Amino acid sequence: MEVDPAFIQDIEHRPKPTIVEAEDIPVIDLSATNSSDLRAIAALVAQIGSACKDWGFFQVINHGVRLDVLRNMETAARKFFAQSKEEKKKVGRDEVNPLGYYDTEHTKNVRDWKENFDFSVNEPVLVPASHEPDDKEVIELLNRLPESPPEFRGACKEYAQEVEKLSKKLLQLICLSLGLPWNRLNGYFEDQMSFVRFNHYPPCPVPHLALGVGRHKDISALTILAQDDVGGLEVKRKTDGEWIRVKPTPDAYIINVGDILQVWSNEKYESVEHRVVANPAKDRLSIAFFFNPPHYTTVEPLEELINEQNPSKYNPYNWGKFFASKRRSNFKKLDVENIQVAHFRVSE
Ligand SMILES: O=C(O)CCC(=O)C(=O)O
Ligand SMILES: [Fe+2]
């Protein structure tokens with residue numbers, strides 16, 4: 001069969017025929033956050049700290065997100081993707097506004113076997129007009145929400161509120177795990193540039209050659225992901241670089257450390273590479289919430305976490321410009337190396 005070569009991964013990045021499914025990707029119960037049992041909260045904070053340090057990835061249960069809200073969102077998203085391309089393209093994204101529907105995402109210059117829909121939690125949301133460092137123009141982006149299915153808009157609004165509450169809860173636990181006051185990072189999210197992304201992966205006739213999403217790290221502070229029961233998400237294990245399948249756990253959320261938290265924590269926590277393997281028979285849906293500060297944020301290691309023995313590992317960078325560069329490379333194939341947070345690392 002003929003497949004567009006844009007989808008074909010280099011040999012070293014293709015999935016291996018054997019799947020490694022780890023039981024040890026931590027599953028953390030967040031119920032203690034509803035209690036005043038200080039010992040239980042301290043134990044939870046310690047668990048979160050180890051998970052961030054050892055894996056950069058974990059799952060949470062009893063997270064407080066209303067499951068009826070999640071179910072309504074999933075149903076509306078499935079109905080949206082089931083429509084014709086023509087219908088979906090009515091809310092298609094373009095080079096200026098990255099919000100809406102698109103099916104030509106590239107990760108590291110290889111096309112992903114999926115289609116997406118993105119919306120911003122705050123509207124309008126301000127982003128830099130371009131990735132050019134000297135261009136100070138900022139533009140306002142509006143969501144492109146579909147008319148059909150009619151329940152889509154309402155579901156998005158409710159869903160974003162629920163998942164934002166979970167993000168804030170996790171942020172506070174993470175602060176405590178870094179030995180910081182619980183509210184140390186709250187100020188970065190009063191105004192925010194968070195997005196929700198639906199990933200729909202159609203069945204793929206060449207799952208040995210293409211990927212649902214190529215290997216990448218999330219540029220967010222944190223990512224909160226809901227996946228259905230199909231599976232396919234793989235995480236690169238820190239200890240040996242092996243790709244480990246994240247087993248779908250009913251009603252759990254998958255949490256991962258993003259690049260911003262890696263820099264804030266001066267690499268105590270690292271943003272871990274992950275990818276999605278394509279499925280020859282089944283559709284898959286996932287919903288990601290990227291918890292991001294506003295565009296004018298300067299990202300650098302938190303001063304409380306650096307000292308003479310532990311000097312800063314990063315030069316400061318502007319989050320909005322970083323986002324704009326990344327967006328440009330994801331929209332179309334470029335002949336330049338994609339921007340990575342490692343470019344801001346202080347060389348040793
Ligand atoms: O679909 C998934 O499981 C992961 C998607 C992902 O990594 C992303 O949207 O950044
Ligand atoms: Fe990701």
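Every heavy atom of this structure was used, including side-chain atoms; hydrogens, water molecules and symmetry mates were not. Order of listing sets the numbers, starting from 1, for every ligand and every atom in it. Sequential numbering from 1 along the given sequence is applied to the chain's residues. Here the structure is a predicted model, which means the values were calculated and not measured.
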Do any heavy atoms of [X] fall under 4.0 Å from ligand 1?
X: Arg284; value: yes
X: His216; value: yes
X: His274; value: yes

Hey, is Phe195 touching ligand 1 through its side chain, its backbone, both or neither, going by heavy atoms under 4.0 Å?
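It is neither; nothing of Phe195 touches ligand 1.
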Checking contacts here: is it the side chain or the backbone of Asp218 that comes within 4.0 Å of ligand 1, counting heavy atoms only? Could be both or neither.
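Within the 4.0 Å criterion, Asp218 contacts ligand 1 through side-chain atoms alone.
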Can you name the N/O/S atom of Asp218 that is nearest the Fe ion (ligand 2)?
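In Asp218, the N, O or S atom with the shortest distance to the Fe ion (ligand 2) is OD1.
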Going by side-chain contact (heavy atoms from CB on, under 4.5 Å), Tyr253 matches just one of Val65, Leu170, Ile61. Which one?
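Only match with Tyr253 under side-chain contact (heavy atoms from CB on, under 4.5 Å): Val65.
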Is [X] salt-bridged to [Y], going by a charged N under 4.0 Å from an acidic O?
X: Arg275; Y: Glu234; value: yes
X: Lys217; Y: Asp259; value: no
X: Arg66; Y: Asp68; value: yes
X: Lys89; Y: Glu86; value: no
X: Lys247; Y: Asp229; value: no

So, regarding Gln227 and ligand 1 (criterion: nitrogen or oxygen to nitrogen or oxygen, under 3.5 Å), is there a contact or not?
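Among all N and O atoms of Gln227, none is under 3.5 Å from an N or O of ligand 1.
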Nearest-neighbour protein heavy atom for atom 4 (C) of ligand 1, which is reported as residue plus atom name and distance:
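That would be Val276 CG2, 3.7 Å.
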Heavy atom of the protein closest to atom 9 (O) of ligand 1 (residue, atom name, distance):
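Heavy-atom neighbour on the protein nearest atom 9 (O) of ligand 1: Asn199 ND2, 3.1 Å.
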Tyr201 heavy atoms, cut-off 4.0 Å: which ligand 1 atoms fall inside?
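Listed by number with element: 1 (O), 2 (C), 4 (C), 5 (C).
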Identify, by atom number and element, the atoms of ligand 1 in contact range of Leu225, meaning under 4.0 Å from any of its heavy atoms.
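Every atom of ligand 1 under 4.0 Å from some heavy atom of Leu225: 2 (C), 3 (O).
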Please check if the number of heavy atoms outside Lys157 that lie under 6.0 Å from its NZ is greater than 12.
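Count not over threshold, so no.
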Give a yes or no on this: more than 12 heavy atoms of other residues, nucleotides or ligands lie within 6.0 Å of atom NZ of Lys53.
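Open: at most 12 neighbouring heavy atoms sit under 6.0 Å from NZ of Lys53.
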